[in-house]
Amino acid sequence: MTPTLISITALARSGAEELAWRLFRSAGLDRIGDDPAVLALHGRLLKDRALGLSGPARQATAAQAADAYAAAARLRPATYPLINAATLSLIAGAHGAVQRLADEALALLDAGTGEPDTPYYLEATRAEALLLGGRRDAAEAALRRAVTLAPRAWEDHASTLRQFATILAELGLDADWLDAYRPPRTLHYAGQMRIRNDATQSAGIDAVLAAENIGFGYGALAAGADMLIAERLLARDAELHVTLPSPRTAFLDRSVEAFEGDAARFEAILARAATVREIGEEDEADAALTGALADQLAMGCAVMRARQLQTNAVQLIVSEASQGAPVAPNSARLARIWAATGRRQHLLDAGRDPAGTAVPAREAGGRRLAATIAISLCEAEEEIAADRIAERLAALPGPIGLIAPPAWRAEGAVLHYGSAREAAADAVRLRAALAASGPVRIAGDLGILRFAPAPFGGGTLALGATLRRVDRLLEVTPSTAIYFSETLGAAYAASMRTDESARLEPIGELPGTLLPLYALRER
């Protein structure tokens with residue numbers, strides 16, 4: 001595969017579909033009919049487009065994708081293009097071709113002459129071919145064998161489940177049986193800092209983790225509920241992902257030892273965590289704001305991992321409870337955010353601690369948590385770019401959640417919002433509104449900013465590390481794409497209802513850093 005094909009495939013995965021198409025066509029690849037790799041990529045681009053459409057347009061585009069995959073398979077017989085051609089023929093309504101292509105894929109599998117692949121994918125391909133042929137029981141048996149061959153290949157399982165769900169929807173068949181093969185669920189956990197750490201609490205937590213089949217946990221590691229839940233997750237061999245609102249030494253002092261927590265216990269849990277994320281915001285940032293940022297990151301990562309794995313995200317709050325609702329302020333806030341999305345949650349009463357639940361005093365210091373998006377009109381003349389963005393902003397229907405006046409730049413603008421949800425909504429709306437002005441790219445980040453009067457010329461000046469990060473994000477964002485930092489992507493994911501179709505696709509890391517990047521896709 002040539003570097004051009006690799007780069008176009010990467011763009012397609014990132015959500016920059018229009019740019020991927022433009023490069024594909026500008027390289028003349030859409031006119032090549034004798035290279036199986038090019039034809040397979042053409043099929044991939046058409047498949048992505050088809051799955052975002054409905055009605056006759058979906059069927060017509062799926063037919064084109066099926067033709068491209070089938071042509072690739074004729075040049076170099078392989079199960080990957082054949083099975084994709086079969087599934088896309090189903091979506092296209094070409095039912096006569098479905099069985100033929102599925103049978104060809106099965107024949108290659110039986111003969112062992114297809115392309116080399118993992119044992120899991122070979123058996124999963126067999127399951128898909130059987131499902132397309134209407135042999136549901138045999139398909140399930142093959143899927144069961146595939147999962148047995150790679151029991152912890154969660155991402156591979158998710159890809160298969162996504163494909164099977166599409167097939168079953170096209171056939172009008174029940175998809176509930178797929179639930180038995182879904183990866184374990186993800187968990188966002190939180191709770192109060194002083195609880196009675198006894199066998200009763202551990203038993204209650206264990207019961208929730210077992211009933212929900214939790215395999216991945218996301219939260220902090222403060223004294224009390226956090227530590228207890230983290231230990232119970234590790235006891236069942238679940239992946240633990242810890243998010244700390246400050247460097248671990250400062251967190252240990254403020255949120256563990258200050259509440260009579262055990263430092264050795266804290267370090268032992270961290271040593272077994274799959275990942276530990278420390279929020280590195282401004283040195284003078286308010287602890288309440290960094291805590292809120294860490295909470296949104298943990299909640300959103302649980303949701304994004306669940307979507308990636310085709311499973312469900314659940315929340316567990318261990319706190320003092322009254323009539324089924326937690327009364328510890330931060331626990332109540334997190335429970336409300338989660339409940340608004342329609343996801344399941346469990347609220348366990350930890351019992352009232354005689355020492356109370358006071359926390360150290362916090363001062364905001366004029367700072368606030370803000371979502372920032374930067375917009376660049378890639379090909380517009382500098383003197384008109386800002387005017388065009390201002391014009392489109394003014395024309396947007398509905399409320400715009402700006403918390404400060406836009407900061408205008410030569411190629412575009414920087415906008416600040418009070419929530420990730422508002423920033424994401426306007427990023428999508430502005431990309432569509434500005435499309436007529438030429439290619440547009442948008443990048444976003446979430447962090448703590450200080451807003452102050454501008455020293456010259458009036459207006460408002462925003463200060464903070466977020467602005468430097470969003471500029472770096474914008475530099476690597478291709479035209480037509482929307483790239484979010486992990487913090488903004490997670491905060492947006494945490495606010496998304498279960499029935500929303502927008503998705504955030506991981507696309508790697510910001511060059512020169514370990515900061516994950518996500519592309520926002522509208523379906």
Side-chain angles (χ1 to χ4, degrees), residues 1 5-6 9 12-13 35-48 51 62 65-91 94 97-171 173 175 177-184 215 308-311:
M1 184 177 288
L5 297 185
I6 293 172
T9 301
R13 286 188 65 252
D35 186 326
V38 172
L39 287 166
L41 176 56
H42 199 177
R44 161 65 189 267
L45 293 173
L46 288 163
K47 176 183 177 181
D48 286 348
L51 294 179
D67 289 344
Y69 275 122
R74 285 194 296 271
L75 291 168
R76 186 169 63 204
T79 57
Y80 169 75
L82 280 171
I83 201 64
N84 274 286
T87 295
L88 285 156
S89 294
L90 175 68
I91 297 172
V98 176
Q99 187 66 64
R100 174 178 56 80
L101 292 163
D103 286 346
E104 289 182 28
L106 285 171
L108 287 181
L109 289 168
D110 290 339
T113 56
E115 77 279 19
D117 210 330
T118 66
Y120 170 83
Y121 267 119
L122 291 174
E123 198 61 24
T125 299
R126 180 183 301 279
E128 185 172 346
L130 292 168
L131 185 63
L132 288 165
R135 300 166 62 186
R136 207 224 78 166
D137 290 345
E140 183 173 3
L143 177 59
R144 189 182 306 116
R145 288 193 298 271
V147 170
T148 302
L149 289 167
R152 296 182 70 89
W154 310 125
E155 286 80 5
D156 293 345
H157 300 176
S159 176
T160 300
L161 291 169
R162 192 178 295 112
Q163 190 89 331
F164 278 33
T166 298
I167 292 170
L168 291 167
E170 291 291 334
L171 294 173
L173 298 177
W177 62 274
L178 295 178
D179 291 344
Y181 304 96
R182 295 194 185 281
Q308 178 191 10
L309 297 182
Q310 292 289 290
T311 188

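Count residues from 1 along the sequence. No experiment lies behind these values; they were computed from the predicted model shown.
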Pairing residues for Glu140 by the salt bridge (Lys or Arg N to Asp or Glu O under 4.0 Å) criterion, not counting sequence neighbours: Arg136, Arg144
Of all pairs that satisfy salt bridge (charged side-chain N to carboxylate O under 4.0 Å, His left out), the ones with a partner from residues 66-89, not counting sequence neighbours: none
Between CD on residue Glu170 and CG on residue Leu132, distance to nearest 0.5 Å: 10.5 Å
Least distance between heavy atoms, Gln308 atom then Ala158 atom: O-CB, 3.3 Å
Side chain proximity check, Leu46 to Leu88, heavy atoms < 4.5 angstrom: no
Leu90: which of Thr166, Leu101, Leu171 passes side chain to side chain contact (heavy atoms under 4.5 Å, CB included): Leu171
Test side chain to side chain contact (heavy atoms under 4.5 Å, CB included) applied to Ile167 and Thr87, Leu173, Ile91, the passing residue: Thr87
Flag side-chain contact, heavy atom, 4.5 Å: Thr160 against Tyr181: no
Contacts of type salt bridge (Lys or Arg N to Asp or Glu O under 4.0 Å), residue Asp117, not counting sequence neighbours: none
Exercise: identify the closest heavy-atom pair between Ala102 and Ala86: N-CB, 3.9 Å
Nearest heavy atoms of Ala40 and Tyr69, plus distance in Å: O-CE2, 3.6 Å
Pair Leu106-Arg126, side-chain contact (heavy atoms from CB on, under 4.5 Å): steps then yes or no: CA-CA 6 Å; Leu106 285 171; Arg126 180 183 301 279; 3.8 Å; yes
Distance, nearest 0.5 Å, that separates NZ of Lys47 from NE2 of His42: 15.0 Å
N/O donor-acceptor pair under 3.5 Å between Ser89 side chain and Ala66 backbone: no
Any residue meeting side chain to side chain contact (heavy atoms under 4.5 Å, CB included) with Thr125, in chain and number order, not counting sequence neighbours: Thr79, Ile83, Leu109
Ala37 to Asp35 - nearest heavy-atom pair and separation: N-OD1, 2.9 Å
Check ion pair Arg182-Asp179 (N to O, under 4.0 angstrom): yes
Results of side-chain hydrogen bond (donor to acceptor under 3.5 Å, both in side chains) for Arg135 - residues two or more places apart only: none
Taking distance alone, no hydrogens or angles, what donor-acceptor pairs closer than 3.5 Å link side-chain atoms of residues 149-157 to residues at least two apart or in another chain?
| unit_1 | atom_1 | unit_2 | atom_2 | d |
| --- | --- | --- | --- | --- |
| Asp156 | OD1 | Tyr121 | OH | 3.4 |
| His157 | NE2 | Ala150 | O | 2.7 |

Derivation of the side-chain contact (heavy atoms from CB on, under 4.5 Å) call for Leu143 and Leu131: CA-CA 10 Å; Leu143 177 59; Leu131 185 63; over 6 Å; no
